[in-house]
Amino acid sequence: MTATEKPHIMRVHAERPAASAIERAALTIRAGGLVAFPTETVYGLGANAFEESAVAKIFRAKGRPANDPLIVHIADIDQLETVAREVPEMAHALARRFWPGALTLVLKKSARIPANLTAGLDSVAVRMPDHAVAAALLNAARRPIAAPSANRFSRPSPTIAEHVLEDLADKIDIVLDAGRTAIGVESTILSLVDAPARLLRPGGVSFEALRELVPDARYAPLTLDEGSPLPAPGSMLKHYSPRARVILFQGDDIGAVHAAMREQIARHRRVGVLTSDAEAGAFEDDNVVVIGLGAGAEQAARRLFTALRAFDKAGVELILARAPEKQGLGLAVWDRLLRASAGSLVEV
Ligand code: TXA
Ligand code: MG
């Protein structure tokens with residue numbers, strides 16, 4: 001296949017994908033190629049998890065540093081034993097409660113997982129996605145699929161196939177396009193290699209829900225100090241970033257927060273404002289691009305990455321984002337915004 005023929009885009013039904021499309025994508029995975037596919041969180045960039053050279057293609061396509069490990073996707077619980085070893089009972093309990101779903105577990109890796117996939121670590125991140133297209137692809141491929149989010153390194157994760165094409169069009173073999181993903185932010189990552197269990201990334205399964213099963217799970221929120229140890233390998237601050245600079249505003253006094261935001265608006269030429277629909281109206285008369293994230297954390301999660309990309313298309317130089325409540329999916333939204341801002345947080 002020459003570069004100009006790439007990628008082959010196949011539109012598929014989100015609940016009942018055509019077997020012919022899935023079979024073709026699965027053949028590509030088995031042949032060592034790259035397939036972008038939807039999950040319930042974001043689109044993934046998939047390759048055969050057991051094949052080192054296929055995994056290497058993911059890192060090259062994304063421009064991803066070799067020290068940032070990938071997530072392995074499995075079709076069913078039986079496959080877990082092929083990717084992980086010494087799986088603790090807690091992992092099975094979590095899998096029964098949350099799989100298929102937006103929970104990634106970090107476990108000890110099996111010998112079959114190549115070292116480049118885990119960035120040389122003795123642990124592996126694994127999840128069973130809750131999306132009919134992902135499930136069909138995994139079943140047809142008959143092997144686990146390594147898949148990070150299908151964006152260029154440090155760009156916002158893709159929630160529609162167009163985002164994948166924006167970033168990676170000439171680098172992948174097949175794109176399975178099933179429309180917008182349901183959750184919109186990536187999976188929650190929980191390490192069971194650490195004792196007690198440690199939340200490495202808030203995501204599609206809330207920390208509150210996890211805590212019902214793992215009451216002693218710990219979460220050390222992202223540190224703003226670039227020099228400090230990273231909370232998860234590869235989860236460096238400059239991540240999920242639009243091209244524009246982002247400043248995050250936190251505070252309960254809405255009037256004071258808006259005043260602080262207006263100070264920035266006055267000092268810049270093209271500014272974007274990202275906030276809830278309820279607060280968006282307050283900026284109607286300002287000369288800004290306003291994007292409302294809807295009402296509530298679920299809607300905010302679903303719209304977040306599209307909004308960040310839309311600001312880039314609108315050519316804003318600065319994005320002023322209102323920090324969400326850190327509850328439920330709000331914690332994941334807050335985490336992504338803090339990363340997008342590279343730690344630029346204003347507490348009013
Ligand atoms: O929702 C998701 O998780 C999406 C979809 C495609 O499944 N995938 C995704 O993958 O977000 P990615 O590559 O963007 O994030 C993988 C992250 C790494 O950056 C790292 O922080 C963590 O998972 N990770 C992977 N392996 C790890 C390990 N062995 N130990 C600790 N963290 C690990
Ligand atoms: Mg990613």
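Both ligands and their constituent atoms are indexed starting at 1 by order of listing.
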For residues 70-77, tabulate all N or O donor-acceptor pairs below 3.5 Å that involve a side-chain atom, not counting sequence neighbours.
| from | atom 1 | to | atom 2 | distance (Å) |
| --- | --- | --- | --- | --- |
| H73 | ND1 | I71 | O | 3.4 |
| H73 | ND1 | I145 | O | 3.3 |
| D76 | OD1 | D78 | N | 3.2 |
| D76 | OD1 | Q79 | N | 3.1 |

Q. Which option, S191, P148, G203, owns the non-hydrogen atom nearest atom 10 (O) of ligand 1?
A. P148
Q: Heavy-atom distances under 4.0 Å are what count here, so tell me which part of R64 touches ligand 1: side chain, backbone, both or neither.
A: side chain
Q. With atoms numbered from 1 as shown, which atoms in ligand 1 lie under 4.0 angstrom from a non-hydrogen atom of L70?
A. 25 (C), 26 (N)
Q) What residues, two or more places apart in sequence or in another chain, satisfy salt bridge (Lys or Arg N to Asp or Glu O under 4.0 Å) together with E284? A) none
(Q) Y43 versus ligand 1: do any nitrogen or oxygen atoms come within less than 3.5 Å of each other? (A) no
Q: Taking the side chain as every heavy atom from C-beta outward, state whether L176 and P38 have any atom pair closer than 4.5 Å.
A: yes
(Q) Check this for me - ligand 1, D68, N or O atoms closer than 3.5 angstrom, yes or no? (A) yes
Q | Donor + acceptor pair across side chains of R127, T39 (<3.5 Å) | A | yes
(Q) Using a 3.5 Å cut-off on N or O atoms only, is K62 in polar contact with ligand 1? (A) no
Q.
If I take atom CG from residue L329 and atom CG from residue D335, how far apart are they, to the nearest 0.5 angstrom?
A. 12.0 Å
Q | Per-atom contacts of ligand 1 with H73, taking only distances under 4.0 Å to non-hydrogen atoms | A | 5 (C), 6 (C), 7 (O)
Q: Using the ring of F249 (Phe, Tyr or Trp, six-membered ring only), decide whether R322 places NZ or CZ under 6.0 Å from its centre and within 45 degrees of its axis.
A: no
Q) Does the N or O separation between T39 and ligand 1 drop below 3.5 Å for any pair? A) no
Q.
Below 2.8 Å, can you find an N, O or S atom of S149 next to the Mg ion (ligand 2)?
A. yes
Q. If hydrogens are left out, which of P158, A147, G204, G44 has an atom nearest to atom 8 (N) of ligand 1, that is, the closest non-hydrogen atom?
A. A147
Q: Assess the side chains of E186 and T41: does a donor N or O sit below 3.5 Å from an acceptor N or O?
A: no
Q: Within a distance under 4.0 Å of any heavy atom of S123, pick out the atoms of ligand 1 and give their elements.
A: 28 (C), 29 (N), 30 (N)
Q. Under 3.5 Å, is there a donor-acceptor pair linking the side chains of E325 and W334?
A. no
Q.
Just to check, does I189 reach to within less than 4.0 Å of ligand 1 when the distance is taken from its heavy atoms?
A. yes
Q: State if K109 counts as touching ligand 1 under the rule of any non-hydrogen atom under 4.0 Å.
A: no
Q. If you draw the axis of the six-membered ring of Y219, does the NZ or CZ of R211 fall within 45° of it and under 6.0 Å from the ring centre?
A. no
Q: Show which atoms of ligand 1 fall inside a sub-4.0 Å distance from at least one heavy-atom site of S149.
A: 8 (N), 9 (C), 10 (O), 12 (P), 13 (O), 14 (O)
(Q) So if I count the atoms of ligand 1 from 1 in the order they appear, which ones are less than 4.0 Å from some heavy atom of R201? (A) 2 (C), 3 (O), 9 (C), 11 (O), 15 (O)
Q. Of all the atoms in ligand 1, which lie at a distance below 4.0 Å from a heavy atom belonging to L200?
A. 31 (C), 32 (N)
Q. Is a donor on one side and an acceptor on the other found under 3.5 Å between the side chain of E40 and the backbone of D130?
A. yes
